[in-house]
Number of protein chains: 2
Amino acid sequence: MSIKNILQKDSIQKSITVKGWVRTIRNQKGLSFCNVNDGSCPQGIQVIFDKKFNEGTDWEIVKDIYTGTCIEVSGDLIESPAKGQKYELVAETLKMIGYCDPEEYPLSKGRIPLETLRRYQHLRVRTKTFGSVFRIRSRLSGAMHRFYQDKGFLHIDPNVITVNECEGGAGVFTVMENDVTDIQQAPRDETGKYDWKTDHFGRRAFLTVSSQLHLEALCCGIGNVYTTNKSFRSEHSTTNKHLSEFVHLEVEMAFNTFNDLMDHSEEFIKYLAKDVLEHCKDDLESLNKFVSKGIIKRVEGMMSEFKRVKYSKCIELLREKGKYKELKYGDDLWAEHENWLTEYFDDRPVFVTHWPIEIKSFYMKQLDGGECESFDLLMPYGVGELIGGSQREESYEKIMKMMEDKEIDPEPLTFYTDLRKYGSCPHGGFGLGFDRLVMLFTGIKNIRDVIAFPISYGSCKY
Amino acid sequence: MSIKNILQKDSIQKSITVKGWVRTIRNQKGLSFCNVNDGSCPQGIQVIFDKKFNEGTDWEIVKDIYTGTCIEVSGDLIESPAKGQKYELVAETLKMIGYCDPEEYPLSKGRIPLETLRRYQHLRVRTKTFGSVFRIRSRLSGAMHRFYQDKGFLHIDPNVITVNECEGGAGVFTVMENDVTDIQQAPRDETGKYDWKTDHFGRRAFLTVSSQLHLEALCCGIGNVYTTNKSFRSEHSTTNKHLSEFVHLEVEMAFNTFNDLMDHSEEFIKYLAKDVLEHCKDDLESLNKFVSKGIIKRVEGMMSEFKRVKYSKCIELLREKGKYKELKYGDDLWAEHENWLTEYFDDRPVFVTHWPIEIKSFYMKQLDGGECESFDLLMPYGVGELIGGSQREESYEKIMKMMEDKEIDPEPLTFYTDLRKYGSCPHGGFGLGFDRLVMLFTGIKNIRDVIAFPISYGSCKY
């Protein structure tokens, strides 16, 4: 039985056994107090090695217990006379499962900053903060699947190795089987270039930046679909929001309207907020107390109605009320503009809608006057863009013309434009960086601290 | 409302609307019969354009309807006088949503073999078989998450780009940012080799073949975990069971025993079988009728008790009863041996346990006498190995010695062997190829037909 299950019973219990890792141990007047955690809850369980235990055979073992040691303890759970916890376990027997040398163990010290813990990604999951983050992360993942399965969306993960560079080729990784380390020996074609024909796929292949185009193909035949694939970006960014690899929720809906799409996105975020508030109370409280002050209030804030404002209106507001005089229609919005907007709208999430197609992607549904049915969903408290979505252009003629205007080669996208020829239908969808969602729900400020083994420009260690 | 929802009401209904793609249309004595499908169920809905409709304004549109056309039809749902369906929709209004030219549309013909449909991966999802396969696939995915979430396992997907080659480097893809097409210009180090320091991660990186080692690090700190990552193999295999990219369920349990691990695997498969039999009845029946005769009986068969037989006993049986005289202790089992074993045990799933560590991986829990606590789970009816699992060696000394014996460089695996130094604990886990699971539950014989966009040696088209 996990420590969480034991504590959830909220009653004294005879002869229980816990197994886990020691967080802290301190000795006081011939007694030892030991906090043991098994990863099931933030607080762990308080174990007492008392004077009676002292007379038994397992006493010797206590001397070898340090932070990080793995132990098995049995005894009775009683009401704790001390404050700090409601129950405590009075040890009767003790087994050493795995010793941990305090001289060598990098996490033997007390509180260690998150930045330092990034050096120990294989161990940091044992700490209180990372335990809470990963439990909330997992809960969000489960809730996401439940939400879509209950609505009848089909979960289908397209290929992440692809010949499709999607939106123009910037920031794309290449995948190859041949080892080019010994570059003199690398196979060449008749022009002296590397001979991609000799490689695994007989041509150059990439890691996907988005599964959207593939998802559209599925959606236009089997209806609503979603994927939880990884996507990849080779950009040289070292901000606290960008990584080379991230979990990408992407959704496509058939026969929907633009408003349906926003309603759906809003419902989804609120569903997650409600779920996490209900089921991750202990973890949110622990984060609220130690790491992310105000996080509970902020998650509760997601239950308020989201604003929907046209891009043109946002530009006007930013220029006039926000004093961003240099900003003009047709400009993209930067982090500071996004933050200003959510603050202006009382810290509520804001859909910025109807962007000029000129600064958006070729596949977005065109409207008269140069706008398109697209939105960015901005989240408050500095989180910024969480979701980007749009209706997709369903007219073959219009999408071909737009690809021409944007100088996109239509040939590799024949499969995609085919969808507009063979029974085209209104559809739309969005993409969401799942890791940023976890940041939002945990209040963790650096994306490297919500992912088990984050990899980024210049950094791949595991 | 989806066609599935409409038909599930199992009653006549006034003024309903359906949107979907035409599967078939035929004209007979001034009437038209049209099967429309929206991807929600295998059978679709039968639409009648009758003589009354003929007198209305939308009649002209019917002439332009072919297989693949996307339409919207409204009318009453009545009991069907014809056999083949219980209800039919008598059209009152009709809208053309997306035209589909029968001269160009590749799926305009009747039944098309699965092999041919592989050329149209962006369209084949519209066919009856692929609809059923992807609905069952999605149901399995949802059930898998539900199973693990309900048990409190944490869903954490480690990095798929890794510097770790795991089990020796065979069949690993390299990931790079630099474009080496113009190979003369590729950056070189002082020895004339390709300079990996100039690439995205400052060193060579790979696509993972398994997340197991990373999962173990998480498990030994936060308890039971699972991942649904993609894994990758660059092997030159073109069988019907191997691909370059596949969905890999991997599970790690803490403080468990070897028997727990097998109990858990068995419970998991049975849970899925029960869930699919309950919720995918129509799809299973459709596959049973047209593509995979006997599939329902085979899925039901998974509810019987799984056999557990030691490897040494299997070798003995294969030699003596199976007449595989050339087979000896220490040999790996091949497909024909696996098939013989499941047939011998009355078509029941078989755990082959306690393999010689000599032919297994360095991380498996060693037993006296050269065996290890490992199993392969063999499925009947030619499916073969579905799951490979083991307890993990938790002794630092033993695992270091085994790595030495197997000539594995311990340096890149320091993070992994660390786990045996800092509070080591008994743990074990397994890996399962999710796509093979879908084959098992659909009866589809080629893995290319259970994946939306399969990629394999020499073949990456989307």
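Legend: residues meeting salt bridge (charged side-chain N to carboxylate O under 4.0 Å, His left out) with Asp275(B), ordered by chain and number and at least two apart, are Arg139(B), Arg146(B). Every residue two or more places apart in sequence or in another chain was checked for a salt bridge (charged side-chain N to carboxylate O under 4.0 Å, His left out) with Glu177(A), and none qualifies.
Among the candidates Gly68(B), Ala254(B), Pro454(B), Gly202(B), the residue making the largest number of heavy-atom pairs closer than 4.5 Å to chain A is Gly68(B). By number of non-hydrogen pairs under 4.5 angstrom with chain A, the leading residue of Arg203(B), Glu216(B), Glu72(B), Arg204(B) is Arg204(B). The candidate from Ser40(A), Ser2(A), Cys70(A) with the greatest count of non-hydrogen atom pairs under 4.5 Å with chain B is Cys70(A). In terms of non-hydrogen atom pairs under 4.5 Å with chain A, the most contact-rich of Leu419(B), Ile451(B), Thr127(B), Asp418(B) is Asp418(B). Ranked by heavy-atom pairs shorter than 4.5 Å toward chain B, the options Phe206(A), Phe415(A), Tyr66(A) are led by Phe415(A). Among the candidates Arg137(A), Gln121(A), His214(A), the residue making the largest number of heavy-atom pairs closer than 4.5 Å to chain B is His214(A). Across Lys197(A), Glu394(A), Met96(A), Arg135(A), the residue that shares the most heavy-atom pairs under 4.5 angstrom with chain B is Arg135(A). Between chain A and the options Gly98(B), Gly221(B), Gly39(B), the largest number of non-hydrogen pairs under 4.5 Å is found for Gly221(B). Counting heavy-atom pairs closer than 4.5 Å to chain A, the top-ranked of the candidates Pro412(B), Ala452(B), Cys460(B) is Cys460(B). For chain A, the option among Tyr226(B), Tyr194(B), Phe201(B), Phe232(B) with the highest count of heavy-atom pairs below 4.5 Å is Phe201(B).
Heavy atoms of Tyr457(B) lying under 4.5 Å from chain A belong to its backbone as well as its side chain. Looking at Glu104(A), both its backbone and its side chain come within 4.5 Å of chain B, counting heavy atoms on both sides. For a residue to count as touching a neighbouring chain, one of its non-hydrogen atoms must lie under 4.5 Å from one of that chain's; by this rule Arg420(B) does not touch chain A. Residue Tyr148(B) does not touch chain A at all, counting heavy-atom pairs closer than 4.5 Å. Only the side chain of Asn229(A) comes within contact range of chain B, with at least one heavy atom under 4.5 Å from a heavy atom of that chain. For Thr174(A), the parts lying under 4.5 angstrom from a heavy atom of chain B are both the backbone and the side chain. Heavy atoms closer than 4.5 Å to chain B are found nowhere in Arg124(A), neither backbone nor side chain. For chain A, the nearby part of Ser456(B) is the backbone; its heavy atoms alone come within less than 4.5 Å. With a 4.5 Å cut-off on non-hydrogen atoms, Gln185(B) does not touch chain A at all. Of the two parts of Thr162(B), the backbone and the side chain both hold a non-hydrogen atom closer than 4.5 Å to a non-hydrogen atom of chain A. Neither the backbone nor the side chain of Asp189(B) comes within less than 4.5 Å of any heavy atom in chain A. Both the backbone and the side chain of Asp179(B) come within less than 4.5 Å of a heavy atom in chain A. Leu140(A) does not touch chain B: none of its heavy atoms, backbone or side chain, sits under 4.5 Å away. In this structure, chain B has heavy atoms under 4.5 Å from both the backbone and the side chain of Ile97(A). Looking at Leu207(B), the atoms closer than 4.5 Å to chain A (heavy atoms on both sides) all sit in the side chain, from C-beta outward. Neither the backbone nor the side chain of Leu107(B) has a heavy atom closer than 4.5 Å to any heavy atom of chain A.
With rounding to the nearest 0.5 angstrom, the CD1 atom of Ile156(B) is 5.5 Å from the CZ atom of Phe134(A). Here the NE2-CG distance, from His122(A) to Leu213(B), works out to 12.5 Å after rounding to the nearest 0.5 Å. The CG atom of Asp157(A) sits 9.0 Å away from the CD atom of Glu245(B) when rounded to the nearest 0.5 Å. Taking CD1 of Ile455(A) as the start and CD1 of Ile161(B) as the end, the distance is 4.0 Å to the nearest 0.5 Å.
In terms of modelled atom types and a separation under 3.5 Å, the side chain of His155(A) and the main chain of Ser138(B) share no donor-acceptor contact. Judged purely by atom type and a 3.5 angstrom limit, Trp21(A) uses its side chain to pair as donor or acceptor with the backbone of Gly423(B). Proximity of a side-chain donor or acceptor of His145(B) to a complementary backbone N or O of Gly142(A) within less than 3.5 Å is not detected. A donor-acceptor contact shorter than 3.5 Å is absent between the side chain of Asp38(B) and the backbone of Gly223(A).
Taking 4.5 Å as the limit, every side-chain heavy atom of Met176(A) sits out of range of all side-chain heavy atoms of Phe173(B). Using a 4.5 Å cut-off on side-chain heavy atoms (C-beta onward), Lys193(A) and Asp182(B) make contact. A heavy-atom distance below 4.5 Å is not found between the side chains of Ser424(A) and Tyr99(B). Two residues are said to be in side-chain contact when any heavy atoms from C-beta on lie closer than 4.5 Å; Asp101(B) and Lys421(A) fail this criterion. Under the 4.5 Å side-chain criterion, counting only non-hydrogen atoms from C-beta, Ile183(A) is in contact with Arg188(B). When side chains are defined from C-beta on, Lys230(B) does not count as touching Lys230(A), because their heavy atoms never get closer than 4.5 Å. Between Ser244(B) and His200(A) there is a side-chain heavy-atom pair separated by less than 4.5 Å.
Nearest heavy atoms, Trp196(B) versus Thr181(A): NE1-OG1, 3.0 Å.
For Tyr120(B) and Tyr422(A), the distance between ring centers is not under 6.0 angstrom.
The environment of Lys461(B) atom NZ is sparse: at most 12 non-hydrogen atoms of other residues, nucleotides or ligands sit within 6.0 angstrom.
Of the options Leu218(B), Asn164(B), Val160(B), a side chain to side chain contact (heavy atoms under 4.5 Å, CB included) to Phe453(A) is made by Leu218(B) and by none of the others.
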